[in-house]
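Structure record follows, encoded as structure tokens.
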Amino acid sequence: MFVAWRDMRFATGRFVLIGAVVTLITLLVGFLSGLTAGLANQNISAVTGLGASSIVFSAPADGEQASFSDSAVTADMASDWAAVPGVERAEPIGITQTRLETPDARTSVSLFGVEPSFGHDAPTASGQLRLSAAAAKELKVTAGDEVSIGAKQFTVESVGDDAWYSHTPVVWMSATDWRTMAAATSGVAAGSAGAPFATVLAVFGNPTGATATAADAQAGTVSKSVLPALMAIGSFRSEIGSLLLMVAMLFGISALVIGAFFTVWTIQRRGDVAILKALGATTRRLTTDALGQALVLLIVGVGVGIGLTALLGSLAGTALPFVLSPLTTLVPGVIMVVLGLAGAAFALRSILTADPLTALGGNR
């Protein structure tokens, strides 16, 4: 890499400039990746935290996709799924978005109505709520305080970890309370025919694919494993595609910027490359020299960009839904390096395949 080191030593300004561009693109990609992960977490963390193997929806109308907003499972569906071979239990979960209030504050929340058998998230009795940390912070309440939903009063039984659904903090309530509230909204008496029972079923266990398909046909449901089921959250489905497209476009731009820089740089090194080839330098050695130069530039630029992303992300985490993790820093950095090398390799193709005499000029 003699020529590469010489270039970087005697053309410091150019390499500092392109290095700064790489750093800024890395910062932008890393910050957008962290924001994407943070927004996704505020959409789906309650669903992914259920610990279920699959989510069961009521069958949608023809031509439509299953969704949390339209799903309404019945007690018969829950019984059918509980009897499926390989299913340990099928827990009904009612989901409603509403307002939770105190005399001094109010906030939008997602109510998750669950049976006592659900586990540690379930309140121990009707009239009690288990608040996620974000909901408790917004309302400035702790265990034992009183809150209200509409005209009905509830007691905060406990405050748990953060859990989010569709950008609202989750509040856990008993299935009985949820059904009473849902029935009042729908105008159907609780417990009567047609009264709301639950939104979805959280299935625990590992039924085979054929067994699950047969259960769906019998119960009139649609079951999905947890990750595909996330696309049934409308806000998540609309956001994630746009944000991932922007990240992908930034990766493409980074490859184009690096490729354009090394295309111009290679043309300016035309004479040096031609002389080296005329003196016997192999194409492999010249390629190693050029790509080694690109790799050094990318590692330095990307490294500084990741450091800035980590610094600014830790500061922004208190004000923005930002996730700082290897997935939002190191992974985008590796992709940036790979794409940058691909762009640099493409830029070298024309000069490294040229004949030395042609490159030097026919009249020399």
Between the OG1 atom in Thr309 and the CG atom in Leu28, the distance rounded to the nearest 0.5 Å is 9.0 Å
Would you say the side chain of Lys224 lies within less than 4.5 Å of the side chain of Ser54, judging by non-hydrogen atoms? no
The residue among Ser110, Ser108, Ser132, Ser235 that forms side-chain hydrogen bond (donor to acceptor under 3.5 Å, both in side chains) with Thr168 is Ser110
Ignoring hydrogens and angles, state whether a donor on the side chain of Glu239 or His167 is under 3.5 Å from an acceptor on the partner side chain. yes
So CD1 of Ile253 and CD1 of Ile25: to nearest 0.5 Å the spacing works out to 7.0 Å
Is it the case that the side chains of Asp177 and Thr180 hold a donor-acceptor pair, with the cut-off being a distance below 3.5 Å and no angle test?
no
Note to self: Hydrophobic clustering (ILVMFWY, side-chain heavy atoms < 4.5 Å, transitive) - are Phe57 and Ile233 grouped together?
What the structure shows: yes
Heavy-atom side-chain contact between Leu129 and Thr155 under 4.5 Å: no
One should read off an interatomic distance between Leu250 CG and Ile335 CD1, to the nearest 0.5 angstrom, of 12.0 Å
Where the side chain of Ser71 meets the backbone of Thr199, is there a donor-acceptor pair that is under 3.5 Å apart?
yes
Check: Below 4.0 angstrom, N of the basic side chain to O of the carboxylate: do Glu101 and Arg99 qualify?
Finding: no
Do Asn206 and Ser53 have a side chain donor and acceptor closer than 3.5 Å?
no
* Report the relative orientation of the aromatic rings in Phe322 and Phe31; use parallel for angles under 30°, tilted for 30 to 60°, perpendicular for over 60°. => tilted
Smallest heavy-atom separation, Ser174 atom then Ser126 atom, equals OG-OG, 3.5 Å
Open item on the list: Quick one about Ser69 and Ser67 (side-chain donor to acceptor, distance below 3.5 Å, no hydrogens or angles considered), yes or no?
Closed with: yes
Under a 3.5 Å distance rule, please check whether Ser148 uses its side chain to pair with a backbone N or O of Gln153 as donor and acceptor. no
Closest non-hydrogen contact found for Ala202 with Ile93 is CB-CD1, 3.7 Å
Original post:
Do we see a donor-acceptor contact under 3.5 Å between the side chains of Thr213 and Asp216?
Top reply: no
inquiry  = Assess the residue pair Thr124 and Glu157 against the criterion (side-chain hydrogen bond (donor to acceptor under 3.5 Å, both in side chains)); give the C-alpha distance rounded to whole Å, side-chain angles, the decisive distance to 0.1 Å, and a yes or no.
reply    = CA-CA 8 Å; Thr124 57; Glu157 180 180 21; 2.5 Å; yes
Can any side-chain N or O of Asp162 pair as donor or acceptor with the backbone N or O of Ala134 at less than 3.5 Å?
yes
Rounding to 0.5 Å, atoms OG1 (Thr221) and CG (Asp76) come to a distance of 12.0 Å
Tightest non-hydrogen contact, residues Val171 and Ala135, listed as CG2-CB, 4.2 Å
Report task. Indicate, with yes or no, if the rings of Phe118 and Trp172 have centres closer together than 6.0 Å. Result -> yes
One should read off an interatomic distance between Leu244 CG and Met249 CE, to the nearest 0.5 angstrom, of 13.0 Å
Hey, is the main chain of Pro207 close enough, under 3.5 Å, to the side chain of Thr211 for a donor-acceptor pair? no
| query | Does the Arg179 side chain pair with the main chain of Phe197, one donor and one acceptor, at a distance under 3.5 Å? | reply | yes
Considering only heavy atoms from C-beta outward, does the side chain of Phe154 approach that of Ile149 to under 4.5 Å?
-> yes
All heavy atoms of Leu230 vs all of Phe236, minimum pair found to be O-CD2, 3.3 Å
Nearest heavy-atom approach of Glu115 to Ala122 is O-CB, 3.4 Å
Does Thr328 use its side chain to pair, donor to acceptor, with the backbone of Val323 at less than 3.5 Å?
yes
CD1 (Ile95) and CD (Gln97) are apart, to the nearest 0.5 Å, by 9.0 Å
message: As a quick check of understanding, evaluate side chain to side chain contact (heavy atoms under 4.5 Å, CB included) for Val257 and Ile18, giving each step before the final call.
response: CA-CA 9 Å; Val257 169; Ile18 190 60; 3.9 Å; yes
Review point. Does any non-hydrogen side-chain atom of Asn43 lie less than 4.5 Å from one of Trp164?
Key: no
Could you see if Val56 belongs to whatever hydrophobic cluster contains Met77? Use Ile, Leu, Val, Met, Phe, Trp, Tyr and a side-chain cutoff under 4.5 Å. yes
Examine Leu330 and Ile299 and state if one hydrophobic cluster contains both, with Ile, Leu, Val, Met, Phe, Trp and Tyr joined whenever side-chain heavy atoms are less than 4.5 Å apart. yes
- request: Would you indicate whether the side-chain heavy atoms of Leu100 and Thr98 approach each other to under 4.5 Å?
  value: no
Given side chains that start at C-beta, do those of Val114 and Glu91 come closer than 4.5 Å, heavy atoms only?
no
Residue pair Val334 / Val302, side-chain heavy-atom distance below 4.5 Å:
no
How about Gln128 and Met173: do any of their side-chain heavy atoms sit closer than 4.5 Å?
no
Mark yes when over 12 heavy atoms from residues, nucleotides or ligands other than Glu146 sit less than 6.0 Å from its CD; otherwise mark no.
yes
For a side chain to side chain contact (heavy atoms under 4.5 Å, CB included) check, start with the C-alpha distance between Asp145 and Thr102, then their side-chain angles and the critical distance, and finish with the verdict. CA-CA 9 Å; Asp145 291 340; Thr102 67; over 6 Å; no
message = In this structure, would Val73 and Ile55 fall into the same cluster of hydrophobic residues linked by side-chain contacts under 4.5 Å?
response = no
When every non-hydrogen atom of Tyr165 is compared with those of Ala46, the smallest separation belongs to CB-CB, 4.3 Å
- ILVMFWY cluster, Ile44 and Val203 together (side-chain gap under 4.5 Å): no
